[in-house]
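The structure presented is a predicted model; accordingly, all values stated were derived computationally and were not measured. Order of the sequence lines sets the chain letters (A, B, ...), proteins ahead of strands, with each chain counted from 1. Atoms considered below: every heavy atom in the structure, side chains included; atoms not considered: hydrogens, waters and symmetry mates.
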Amino acid sequence: QKIGPEPAVRDLILATTTSTVDSGLLDLLHPVFEKKTGYRVKTISVGTGQALAMGEKGEADVLLTHAPASEKKLVDAGTVINYRRVMFNDFVLVGPPKDPAGIKGKPSPEALKTIAAKGSVFISRGDDSGTHKKELSVWKKAEVTPAGSKWYLESGQGMGATLRMASEKEAYTLTDRGTYLAQRANLNLDILSEGDRELLNIYHVMQVNHEKFNKVNAAGAKAYVEFMVAPEVQKMIGEFGKEKFGQSLFFPDAGKE
Amino acid sequence: MKPMLEARDLRLTLSGREIFSVEHLVLHKAEVLALVGPNGAGKSSLLLTLALLQKPTSGTIQIDGVAAGNGNLLAIRRRMALVFQDALLLDTTVARNITIPLRIRGLSRKDAADRCEKWLERFGVAHLAKRPARNLSGGEAQRTSLARAFAVEPELLFLDEPFASLDYPTRKVLLEDLGGILEELNMTTLFVTHDYTEIPYLARQVAVLFEGKIVKSGPVVQVFGHGILDRRVWVPWERD
Amino acid sequence: MKPMLEARDLRLTLSGREIFSVEHLVLHKAEVLALVGPNGAGKSSLLLTLALLQKPTSGTIQIDGVAAGNGNLLAIRRRMALVFQDALLLDTTVARNITIPLRIRGLSRKDAADRCEKWLERFGVAHLAKRPARNLSGGEAQRTSLARAFAVEPELLFLDEPFASLDYPTRKVLLEDLGGILEELNMTTLFVTHDYTEIPYLARQVAVLFEGKIVKSGPVVQVFGHGILDRRVWVPWERD
Amino acid sequence: MDVILDGIIEAVRLLISLDREVLQITLLTLQVSGIATLISVLIGIPMGTVLALTGFMGRGFLVSLVNFGMGLPPVVVGLATWLCLTRYGPLGMLGLLYSPAAMIIAQAVIASPIVAGFSMAAIQSVNPKLRLQILSLGATQFQFLFLIIWEARLGILAAVIAGFGGVISEVGASMMVGGNVRGYTRVLTTATVLEVSKGSFEMATALSIILLLLSFSIMASLSYLQQRGRRP
Amino acid sequence: MDVILDGIIEAVRLLISLDREVLQITLLTLQVSGIATLISVLIGIPMGTVLALTGFMGRGFLVSLVNFGMGLPPVVVGLATWLCLTRYGPLGMLGLLYSPAAMIIAQAVIASPIVAGFSMAAIQSVNPKLRLQILSLGATQFQFLFLIIWEARLGILAAVIAGFGGVISEVGASMMVGGNVRGYTRVLTTATVLEVSKGSFEMATALSIILLLLSFSIMASLSYLQQRGRRP
Ligand SMILES: Nc1ncnc2c1ncn2[C@@H]1O[C@H](COP(=O)(O)OP(=O)(O)OP(=O)(O)O)[C@@H](O)[C@H]1O
Ligand SMILES: Nc1ncnc2c1ncn2[C@@H]1O[C@H](COP(=O)(O)OP(=O)(O)OP(=O)(O)O)[C@@H](O)[C@H]1O
Ligand SMILES: [Mg+2]
Ligand SMILES: [Mg+2]
């Protein structure tokens, strides 16, 4: 039961971060969207940096990312419009169950301070992703400059690969809860620090400005943004993962700024 | 009448070495010329050059009154055939080795097969037609290579020691036959050989190449004397 | 005295075809045996088998009284040399083609170079020593291949139409020389040829292979008659 | 090793149940890599032949270019193709990015130098005198090429095998220009990477096994063709 | 195309300023792929030679296995190596995962069948009678191999070029088993992928160009070696 006429431009390019795809959320939502509107979503899952860069160059029609500080620059420059909050989850500090540095239960800046003091191995994504940016801001809060230290490794890879490396090397790392839950079965890592306010991980959806880039599929992008914030979709987001992991991976958040 | 082949001031230099330098060489129509000379004299190289397969360093070659150049190379090559010193067969059956140049020249499948059969028969290798050329014995390969050249019934034929690996009785029978065939088909022929006893069977004229130069040429008996006509050996598997 | 080479019930079948079937073949020490027969008779295949390069389908070969088997193959092969029907040279210089089998046999660099020079000289290709073997003329290649075989001074020598591409005067001189050399070095030799006039220069004994079977063997004159000794041709570039 | 075992079981299950999505991915893989190989054969064999047979100015440079192209990193090809095909890139008007056509282009760019380089080596190893013999048979340029290629068929088939093997197993470029869009440009390699990053090693192993089965059966038939009648 | 231009400028800048990190990455790339190629040469050439020269039961199967290995997807090799080297995997006690050694292992697994397959084709195209001639020179097994390889050197060098080209440009396996750890296992290809995912296309282009320069100069010297004295 499709709504509205056949779209003029059928292909819609969504640039998003790996976490949304790897969790399986978009595989659930997109068939619904496609059926409803007739668009074909080409989901390009890349690093946050690349997703934003694609937006800046007009190479994508719509973005779904989780790096508010960097996104803000695009909004201010008028590169993206219709900037809407969609959902959130949070970042957690994970590490080996033995917890050699003893950070369990400590708030995140303090935990990082302890890790640095003990010289326990910490793995950073080092890829300018939303997670990496968040991690750097926590280090800043902890007043530690980890770069260059022997115990500080930069994996330069996505969250899943970084988690596996941490598990193998019995190291600590910062991860978003969704990816951690999805991969938990294969990992030898426990959540050791969570719940800080600044560890919120907020996802926004936004349209690339068609007035700046003439090839952008404006109608499709608008439809996508509206779809993501629609109440029934928000409900689906909230339900997602409960069955498999016993808890939600994302929390619907539309309309709250 | 225009000569079938005429070369002037033909010179070839490879890797800084002068391989041959021939001022003038003429082959009249239906003439058979034997080319002799010691190893390394440049016979094979000269043959390749005259057959338009090796570009000379300088000089001109006229075929049937027409200067050979880039434009007419293919057309001229199709009037020629060449038997190399070592039989170079394609990696397929004996029969297809014969028919390929015929099909290339536009003969129908049937005509090509007929000719192939005829010439394989003539060179005594008809029984090998279906065999892969790769496994032939030395003599069998050379016969196939000869059959391939004759099957195209060329106007101009180049033979580079074509009988070297043939057994004696075959060679004898062939030599006796081929003279007639060349005449019948009006083939202008240049053939290189080391076995001077072969010469009188086929050629009236002989040219002697020595260190890249033609040092002597003329009628056979004039160059070799009459002794050349005399040769008698028995074939051991034909007696009693 | 044990024979240098003795083969019994030697049979070879390839692709379902019987190539040869030889009941008994003996070569006594220092004996030179000529092997003749029509093209495709199986001469080259027999030679390869006797030289332990082709595994026979059945039968045994004894070298100097010892049965050839997997254990002693290399040792026996080093007592032999083989000249193939087509000169098979390695893609390097002429000189290195000669020295490689010598160095393989443990000769010092100096000894190998000396022998190489000596035999290149003997076969008239000393001037080619530094040339890449790939560009040689047919006769030059065959001479190199001969020099390579003789340079190892083997006890047992196999020659497969070794003179087919040599020019006539060289062939004549070589034939006259080689008889002495073989005798002097006590080389037991089996050689295949199509040119029966070569036989009396080198061999006393001859065996005739026909369709894979030895149909006749014995002293040369007995097999061929006396006509074989008679051959006279002039060398055109040596007169006047 | 449980993962591998589970992967095998999962692969068998997927194959038996003819899982629609896996089937579609497999067909697309074959289609994209097959067409890319075909294109690279059409470009590479003539190119390798020309380089092997003719001497012209700049040939040496071209030869090293081809040899170098054989080692062209798929990632780099992917990046370059991506930059060319983006909306505002030089070929943006074609709108090919994130489509199977884009993957075919990138894969053909990867495979062509491989096919060309190995064809060249194969044809160079044909006895040069045989080339002259073929010319002397009266062959036209085209017939000449056909016969030479026939003589070098062993090596040329190896070239095709290498080209196909190079692209069917490639992931970097396909990922970049195809985008791994589900149901549209997802092929076996990109799907495997996705499953790994999702942490589902069993599924990744299963997809790997399907990819291996696929390329094994194709390689086996090609190598059967190549080795037919060639015993050592 | 601005991106490419900027990339070139950036590459030149990095090269001129001898940027320490880039230098280190480049050296590691050379080291890892060089050693892997060496290992694959030591395994692949003898293996290809044996397959080309001897007939034994199961040879046909082995030949298709090698041909198939030539198309072994790096991703799959990476996955398999990773599974073997993980802490609780069969080789976990070696503690090699996420080290250059692990990358060398994976790359050698990728390159060996390539080298073996092409060596086989090269040696098969040597005139079979020449093999007998070499035996008749009295060569030992080893001398025989040496001489046959010498005759097939054109094709064998092509095999080495292909092997090296395959690994230096590979990214999937290196990423998986090496982990792209900065200053330790980051090579040019993995660094390029990282820069792309950061959205810094200029830096990615610059790294690509350095990789291309590197592989071009190596390929050029190898192909010079190969083509020396071989004019058509
Ligand atoms: N691998 C093979 N498969 C089938 N037949 C073969 C094979 N090798 C050789 N032959 C055949 O065996 C026969 C004997 O070959 P061989 O080379 O021994 O002959 P030959 O007596 O040396 O002949 P020539 O005088 O022409 O050199 C030939 O008919 C040849 O076609
Ligand atoms: N590419 C090349 N570079 C250098 N020298 C060459 C090349 N090709 C041939 N030669 C030399 O040219 C000379 C003539 O060779 P050619 O093959 O024409 O001799 P030929 O008269 O046919 O000798 P044969 O009777 O031995 O066959 C030989 O000395 C040969 O080594
Ligand atoms: Mg010659
Ligand atoms: Mg023979």
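Remark: D/L135 CG to B/L52 CG distance equals 10.5 Å, nearest 0.5 Å. In this structure, CG in D/L132 is found 8.5 Å from CG in B/L88, a value given to the nearest 0.5 Å. Between atom CD1 of residue B/I104 and atom CZ of residue D/F142 there is a gap of 11.5 Å, rounded to the nearest 0.5 Å.
The number of heavy-atom neighbours closer than 6.0 Å to CD of B/E117, taken from other residues, nucleotides and ligands shown, is 12 or below. Around atom NZ of D/K129, no more than 12 heavy atoms belonging to other residues, nucleotides or ligands sit under 6.0 Å away. In the displayed structure, B/E183 atom CD is contacted under 6.0 Å by at most 12 heavy atoms of other residues, nucleotides or ligands. Residue-environment remark: CD (B/Q54) exceeds the threshold of 12 foreign heavy atoms within 6.0 Å. Around atom CE of D/M57, no more than 12 heavy atoms belonging to other residues, nucleotides or ligands sit under 6.0 Å away. Residue B/R96 places its CZ atom among 12 or fewer non-hydrogen atoms of other residues, nucleotides or ligands, all under 6.0 Å distant. Atom CD of D/Q141 is surrounded by 12 or fewer heavy atoms from other residues, nucleotides or ligands within 6.0 Å. In D/F56, the CZ atom is crowded: over 12 heavy atoms of neighbouring residues, nucleotides or ligands sit closer than 6.0 Å.
The shortest non-hydrogen separation linking D/R153 to B/D91 is NH2-OD2, 3.1 Å.
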Under the side-chain contact (heavy atoms from CB on, under 4.5 Å) rule, what do B/F158 and D/S136 come out as? Steps first, then yes or no, please.
-> CA-CA 10 Å; B/F158 298 94; D/S136 88; over 6 Å; no
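D/Q133 and B/R148 share a donor-acceptor pair across their side chains, judged by distance under 3.5 Å alone.
The side-chain contact (heavy atoms from CB on, under 4.5 Å) test applied to B/R131 returns B/L128, B/E140, C/R17, not counting sequence neighbours.
Using a 4.5 Å heavy-atom cut-off against chain D, the contacting residues of residues 69-77 of chain B are B/L74, B/R77.
Between D/L137 and B/L82, every side-chain heavy-atom pair lies at or beyond the 4.5 Å cut-off. Using a 4.5 Å heavy-atom threshold, the side chains of B/R78 and D/T140 count as touching.
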